[in-house]
*Asks:* 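Attaching a single structure in structure tokens format; questions to follow.
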2 protein chains.
Amino acid sequence: MDFKLETFLPYRLNLAAELVSQRFAAQYRARYRMTRPEWRALAALGSYGRMTATEIGANSSMHKTKVSRAVRALEEKRWLKRSEDLDDRRIEHLELTPAGRRIYGEMVVLARDYERELAGLLGTGGLKQLEAGLAAIEAKLAAPARRRAPKD
Amino acid sequence: MDFKLETFLPYRLNLAAELVSQRFAAQYRARYRMTRPEWRALAALGSYGRMTATEIGANSSMHKTKVSRAVRALEEKRWLKRSEDLDDRRIEHLELTPAGRRIYGEMVVLARDYERELAGLLGTGGLKQLEAGLAAIEAKLAAPARRRAPKD
DNA sequence: AATGGACAGTTACATCTGCAACCACCTGAC
DNA sequence: GTCAGGTGGTTGCAGATGTAACTGTCCATT
């Protein structure tokens, strides 16, 4: 019985994710009073333009309730506006307002700065290895983006 | 502006951590009605024997309120017992009961099975790279286990 | 001995989260 | 046209979380 939590992959991954996310999250929390779901939705909309809530969820791996709440929060900040779909009235098209795009632009700068900082800390080797490992996980474990699965 | 969330390291790490943790967490949730903090505390106590709540927190990277609640939950399941320290009455020594050790033993088996499964999925290469990357993060970003820091 | 930190652990509160139920709407079979 | 089932999105609720404040205890200084 020499199991040790600190060598257990799920634990290490969670810890690493927390360590890496923490400082970046502190920035958008402090500067813009944004939560993580809001940042993800903003990032998705900022880089892909107009999307539906479901598409945001698929793109940023968020549960639809998280997306719903994040969208509402961004809307209340006047960074996002909804518009209806004339063919299918269940759908709402979402896109950033000019103010939202401005914030997005600022966040992208911060994100890039942080990526550079991480690259410096981890070294090119560490970073490359990490990315390769993450790619393996994404390839093998990610939900296969099912278009039509029986019921999972 | 070609920032993409799906290549952003903090996002990828969170996603990977979630993918990898999820299936394992489902096991202890379903089988033992355990939460993640409870599993971590159980694992810490199972592998190191008697510890204090603060030590559990340091070992498993949990906030002291999480530890407090996890300890209470494990105690209510009769998997853990507290005993007082005669020299310092602020401290409580925590250890698993026989029932707790049994559960721990079963969980270790599940954990090992899962590690093997992951190793198979990721391949030796992917796993080694991932571990190297995680080691880099832990080395560079982990809180330096400060014994006496000014105030952070 | 008294007093002012510092520390172990708990708890109140506000927030965040996921699940399940829900509403409105669409689509295909009849 | 109508009805059943599916889909986009929202919400009620119960559980989980972090922050800050709290209790009780220790210890160094006086």
Side-chain angles (χ1 to χ4, degrees), chain A residues 14 17-18 21-22 25-26 28-30 33-41 44 50-76 80-94 143 146-152, chain B residues 14 17-18 21-22 25-26 28-30 33-41 44-45 50-76 80-94 146-152:
Chain A
N14 272 295
E18 212 177 304
S21 299
Q22 209 45 50
Y28 55 69
R29 267 205 323 261
R33 296 276 128 84
M34 237 188 299
T35 64
R36 185 153 67 195
E38 288 166 52
W39 152 241
R40 285 193 186 178
R50 146 187 291 226
M51 304 171 88
T52 67
T54 301
E55 288 166 349
I56 292 178
N59 180 255
S60 56
S61 306
M62 290 196 293
H63 191 272
K64 62 182 182 169
T65 61
K66 262 187 190 169
V67 176
S68 176
R69 285 153 178 154
V71 164
R72 180 168 54 198
L74 292 176
E75 191 183 24
E76 282 165 0
L80 171 154
K81 71 174 193 297
R82 311 185 193 227
S83 50
E84 49 192 47
D85 183 296
L86 298 176
D87 293 333
D88 186 340
R89 283 189 299 171
R90 292 171 303 181
I91 291 174
E92 346 182 81
H93 297 284
L94 308 168
R146 58 209 159 108
R147 300 236 170 261
R148 185 156 302 255
K151 74 174 25 171
D152 191 341
Chain B
N14 272 295
E18 211 176 306
S21 298
Q22 208 45 51
Y28 56 68
R29 267 205 322 261
R33 295 277 128 83
M34 236 187 302
T35 64
R36 184 153 67 196
E38 289 167 51
W39 152 241
R40 286 193 186 178
L45 286 170
R50 146 187 291 225
M51 304 172 86
T52 67
T54 301
E55 288 166 349
I56 292 178
N59 180 256
S60 55
S61 307
M62 291 196 292
H63 191 272
K64 62 181 180 170
T65 61
K66 262 187 189 168
V67 176
S68 175
R69 286 154 177 153
V71 164
R72 180 168 54 197
L74 292 176
E75 190 183 25
E76 283 165 359
L80 171 154
K81 71 175 195 295
R82 310 184 193 229
S83 51
E84 49 191 47
D85 183 298
L86 298 176
D87 293 333
D88 184 342
R89 284 188 299 173
R90 293 170 302 181
I91 292 174
E92 351 182 77
H93 297 284
L94 307 167
R146 59 209 159 108
R147 300 234 171 261
R148 184 157 302 257
K151 75 173 26 172
D152 189 341

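Sequence lines set the chain letters: A, B, ... in the order given, protein chains first and strands last, and positions in each chain run from 1.
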*Asks:* Does dA16(D) have its OP1 or OP2 closer than 4.0 Å to a side-chain nitrogen or oxygen of R72(B)?
*Replies:* no
*Asks:* How close or far is atom P of dC7(C) from atom CG of D85(B), stated in whole angstroms?
*Replies:* 17 Å
*Asks:* Start at the 5' end of DNA chain C and walk down; is the nucleotide closest to L86(A) or to H63(A) reached first?
*Replies:* H63(A)
*Asks:* Strictly below 4.0 Å: does K66(A) bring a side-chain N or O up to OP1 or OP2 of dC16(C)?
*Replies:* no
*Asks:* Answer yes when E75(B) and K81(B) have at least one side-chain N-carboxylate O distance shorter than 4.0 Å, and no when they do not.
*Replies:* no
*Asks:* Between atom CD in E84(A) and atom P in dG9(D), what is the gap in whole Å?
*Replies:* 13 Å
*Asks:* Taking the minimum atom-to-atom distance to the side chain of R82(A), which one of dG9(D), dT10(C), dC25(C) wins?
*Replies:* dG9(D)
*Asks:* Given atom CE of M62(A) and atom C1' of dG18(C), what is their separation to the nearest angstrom?
*Replies:* 14 Å
*Asks:* Q22(A) CD to dT19(D) C1': how many Å, rounded?
*Replies:* 14 Å
*Asks:* Can you find an N or O donor on one side and an acceptor on the other, under 3.5 Å apart, linking the side chain of R89(A) with the base of dC25(C)?
*Replies:* no
*Asks:* Once rounded to the nearest 0.5 Å, what's the spacing between atom CZ of R33(A) and atom CZ of R29(A)?
*Replies:* 10.0 Å
*Asks:* So, is T65(A) near the phosphate of dT17(C), with a side-chain N or O under 4.0 Å from OP1 or OP2?
*Replies:* no
*Asks:* Taking for each residue the nucleotide of DNA chain C with the nearest heavy atom, is it R90(A) or P37(A) whose nucleotide lies nearer the 5' end?
*Replies:* P37(A)
*Asks:* By nearest nucleotide on DNA chain D, pick out whichever of R69(A) and D87(B) is the more 5' one.
*Replies:* R69(A)
*Asks:* Send over the distance from R33(A) CZ to dT15(C) C1', rounded to a whole Å.
*Replies:* 14 Å
*Asks:* Heavy-atom distance under 4.5 Å between the side chains of E84(B) and R89(B), does that happen here?
*Replies:* no
*Asks:* Among the nucleotides dA16(D), dT10(C), dA21(C), which one has an atom lying closest to any side-chain atom of K64(B)?
*Replies:* dT10(C)
*Asks:* Of the candidate nucleotides dT10(C), dT10(D), dG8(D), which contains the atom at the shortest distance from the side chain of E92(A)?
*Replies:* dT10(D)
*Asks:* Please report, rounded to the nearest Å, how far the P atom of dT17(D) is from the CZ atom of R36(B).
*Replies:* 8 Å
*Asks:* Using whole Å, report how far NE2 of H93(A) lies from P of dG9(D).
*Replies:* 9 Å
*Asks:* Do E18(B) and S21(B) meet the criterion of a side-chain donor-acceptor pair at a distance under 3.5 Å?
*Replies:* no
*Asks:* Tell me the interatomic distance from R29(B), atom CZ, to dA16(D), atom P, rounded to whole angstroms.
*Replies:* 10 Å
*Asks:* Of all the choices, dC26(C), dT11(D), dT11(C), which nucleotide is nearest to the side chain of S68(B) once you look at every atom?
*Replies:* dT11(C)
*Asks:* Can you confirm whether the side chains of R50(B) and S83(B) place a donor and an acceptor under 3.5 Å from each other?
*Replies:* yes
*Asks:* Just N and O in the side chain of T54(A): are any of them under 4.0 Å from OP1 or OP2 of dG9(D)?
*Replies:* yes
